[in-house]
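Below are the structure tokens for one structure; questions will follow.
Quick caveat: nothing in here was measured; it's all calculated off a predicted structure.
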Amino acid sequence: MGCGNLTKSLAAGVIAAGLSLPAAAQNPSNDGNAADTGVLNSEKAARGHQQPAVYSPYADRNFPTRPFFGDTHLHTAFSMDAGAFGARLTPRDAYRFARGEQVISSTGQPAKLSRPLDFLVVADHSDNMGFFPDLFAGKANVLADPTGRKWYDMIKSGKGNDAAIDIIVSFSHGTFPKDLFYFPGSQPYRNAWQVTIDAAEEFNDPGNFTAFIGYEWTSNTGGNNLHRNVIFRDGGEKASLVEPFTVYPPYGSDNPAELWKWMARYEETYNGSVLAIPHNGNLSSGLMFPVEEAFGKKLDADYVATRAKWERLYEATQTKGTGEAHPNLSPNDEFAGFEIWDKGNLDGSVPKKPEMLEFEYARAAYKNGLKLEKSLGTNPFKFGLIGSSDAHNGLSALREENFFGKTTPQEPSPHRMTSVFVDNKKTGVTVMDWEVGASGYAAVWAEENTRASIWDAMHRKETYGTTGPRMIVRFFGGWDFVAEDAHNRLPADVGYRKGVPMGGDLQKGPEGKAPSFLVAALKDPIGANLDRYQIVKGWLDAQGNLHEKVYDVAWSGDRQADAEGKVPAVGDTVDVENATWSNSIGAPELAAVWTDPDFDPAQPAFYYGRVIEIPTPRWTAYDAKHFGVEPLPGTRMTVEERAFTSPIWYTPG
Amino acid sequence: MAYRKKLAAAFLALSLGGEVTPALACGYHDPSAFARGALNWLYPDSLHVPTAEWQAEDAGLLPPRKARTERDLFEFHRIAADMKNLGARLASVAPPGVGEQGLSVVLLNSVMWTRYATGGGGFTTEVHADGPGESDVVAVTTPKVVRALLDGVLTFSSAEAHGLLRLYGAAEGQQALRASFLELEMTMPAAPGERAPDNQASAEITGSR
């Protein structure tokens, strides 16, 4: 029965029953009798029982209305390398800083964010987690061991150097006390993991700040980066039932496939939920996005399905370079050469070869993924995009004017932009400290600031990455968007109604129709104006060839696109010497509807949004100004910050 | 150098579960970085000293920094000479100035150790030592601060008060060292802007933008 018929029946029933009506109206034949509720007749009664019109456009809204900004990849003193570099901040300190408190950095500097983050994952390395602080703090498990006690006493009495030497000797001679080994299964390791969990539980504040439980699995064989950050949806009650997966047998493996097995075991055994986020394909010597084989095994249907299941996101920008696109792979993309690290692998032991690049960058992986889906049934590289820091000093501080570096030695100082980060004497691969980027953050479209809501949004890939600023970016795809939709001040309202958000899928559309995309972006309120909003498309043609094209779909000012659709540069207001810029160019917001002019319904494709700011000073410019030091020749001094959305994939029916 | 390498190797070994390979977790394998980082654990807040140095430069407490990073081929020799000079000054008031314990000075950011001790052969200065001696008082500072002390630009108490020099070790040894420097400064012309050595420098260290 339709709604209208129901209300009419109800109205008639009420009238017939004589209930809830003024006495004068109870005569069913007495249409138009007056009462203090007005004249009631059957027509009016019928209208009154219809579904009431909703005045508030926001009532019953059930889609995400704001992005939550956070960092899924922060290290503290609990990571062996961070501690070794001098980091003293603990997970608790990291959460305090992330939620907006001022802290003192490991080099004695007061530090505070411009605005609190919404969420944080302290992702310390799973290998030897927590050893460093325990040793120097004289933890009970250390003191309980006679040798640990001896070392601690030596340290406290000023003989720390002797203790350090003693530690080396015992390690190399195999006499290192077993009780002090920080491997999974050992009590010290369990303690360190529990401290990590407890810190997250303490600072998790649903509705205000989310502290996720997580860790970094650090596969690094041969210096080739295959790292993943593992993030739990669950709280401590489940996370404490397991210990992180490491890379050293028998406690772990350097093969991502084994990590996925660990994740599957966790979910099956404890009914929990985890996901893994890889990063730094640019330092993987071409191993991050394989298309033929992985770890000596030919790619098969199981591999691609398993990878797609567990690796829902990719950290495409961070301090060790941005991995969205590479100018060699995308020569027609004038914005592809952003904060590129392409000299070698993680420690510079393997110099970069051109043939590696295709298997290291996100856009190329998206393209190859279309091909793999065709041959193996699943697209293993159908990941969403985020940014995060990989900072190793407990400070997720990535704004250019507030950049606290990747490691403790890179905290603000006159020397940090002239020092060396990697200097491999054998291969000649050198990366300078100035090449470290002040990037990035993850932006997640979730309904609320809770573990479940943010994790679920990550899982469905409704995310975008930024290189530091907090611009707000919407990206919807569908078949029915029209130009007027871009004028709607509630783009999400029409976006969710007519299409799918970033991370979503489009299947075969109406005959003769091309997909249309509703894009909208708002500048960071304390940041720079926007230059343009682009859509990057990749597709697989009938001959099995892969293609890509970047379209400028919205831009500031009255610039005119050329014959090829490219919009000229927005200009540059940066005063490098004074590290200032002006919002006299660009626009605070951009919105448009764009329909794919080159659509072929038979060709699988992906589309993702990329928003670019006007040029602004880079952290190196702020350092030069603050410290009065000259940068080295070739130092990048300006930056065009950006955001990249998760794609929307089109699959022919 | 040997001490530094050993210390760096120790932490490298520990970080990789005993497998000492060139592949580090995050690509930074300069042994000096490990040696410096370990100092922040062995001598808490020692890495605050370089921060105090640039803040002091900004405040005018120390001479201004150079704008350009230039390779100084004679840097080591110059610093070594300063450390020897410091030793010579300390020798003039020791014993008992340096006290029963020795004094080891570690300079940041190079992590270069210099050890001063009084033994059977008298007062000795060992520049570029392997590390501190057992029970030594340890002073963490920078070459620029040492130079400022030698030039009389800065007093020891002022350096310590502004975090430009941090002492670690037995309290008696630290006091003895302070007394030694006080004695030295009594015999030296007052630093510009300062009077008696127990007066604090009036300059505020802000370091803010």
Distance (rounded to the nearest 0.5 Å) between A:Arg416 CZ and B:Trp54 CH2: 9.5 Å

With B:Thr114 via side-chain hydrogen bond (donor to acceptor under 3.5 Å, both in side chains) - residues at least two apart: none

N/O donor-acceptor pair under 3.5 Å between B:Thr51 side chain and A:Thr107 backbone: yes

Where A:Ala87 and B:Trp41 come nearest, the two heavy atoms and their spacing: O-CZ2, 3.0 Å

Closest heavy-atom pair and its distance - B:Asn40, A:Arg88: O-NH1, 2.7 Å

Chain B contact via A:Ser106 - side chain, backbone, both or neither, heavy atoms under 4.5 Å: both

B:Arg36 and A:Thr408, any side-chain heavy atoms less than 4.5 Å apart: no

Qualifying salt bridge (Lys or Arg N to Asp or Glu O under 4.0 Å) pairs, either residue in residues 154-171 of chain B, two or more places apart: B:Glu160-B:Arg178

Proximal component of B:Pro44, with respect to chain A [non-hydrogen, under 4.5 Å]: both

Straight-line distance of B:Arg65 CZ to A:His415 NE2, nearest 0.5 Å: 7.5 Å

A:Ile104 and B:His48, any side-chain heavy atoms less than 4.5 Å apart: yes

Region of A:Ser79 in contact with chain B, defined by heavy-atom distances below 4.5 Å: neither

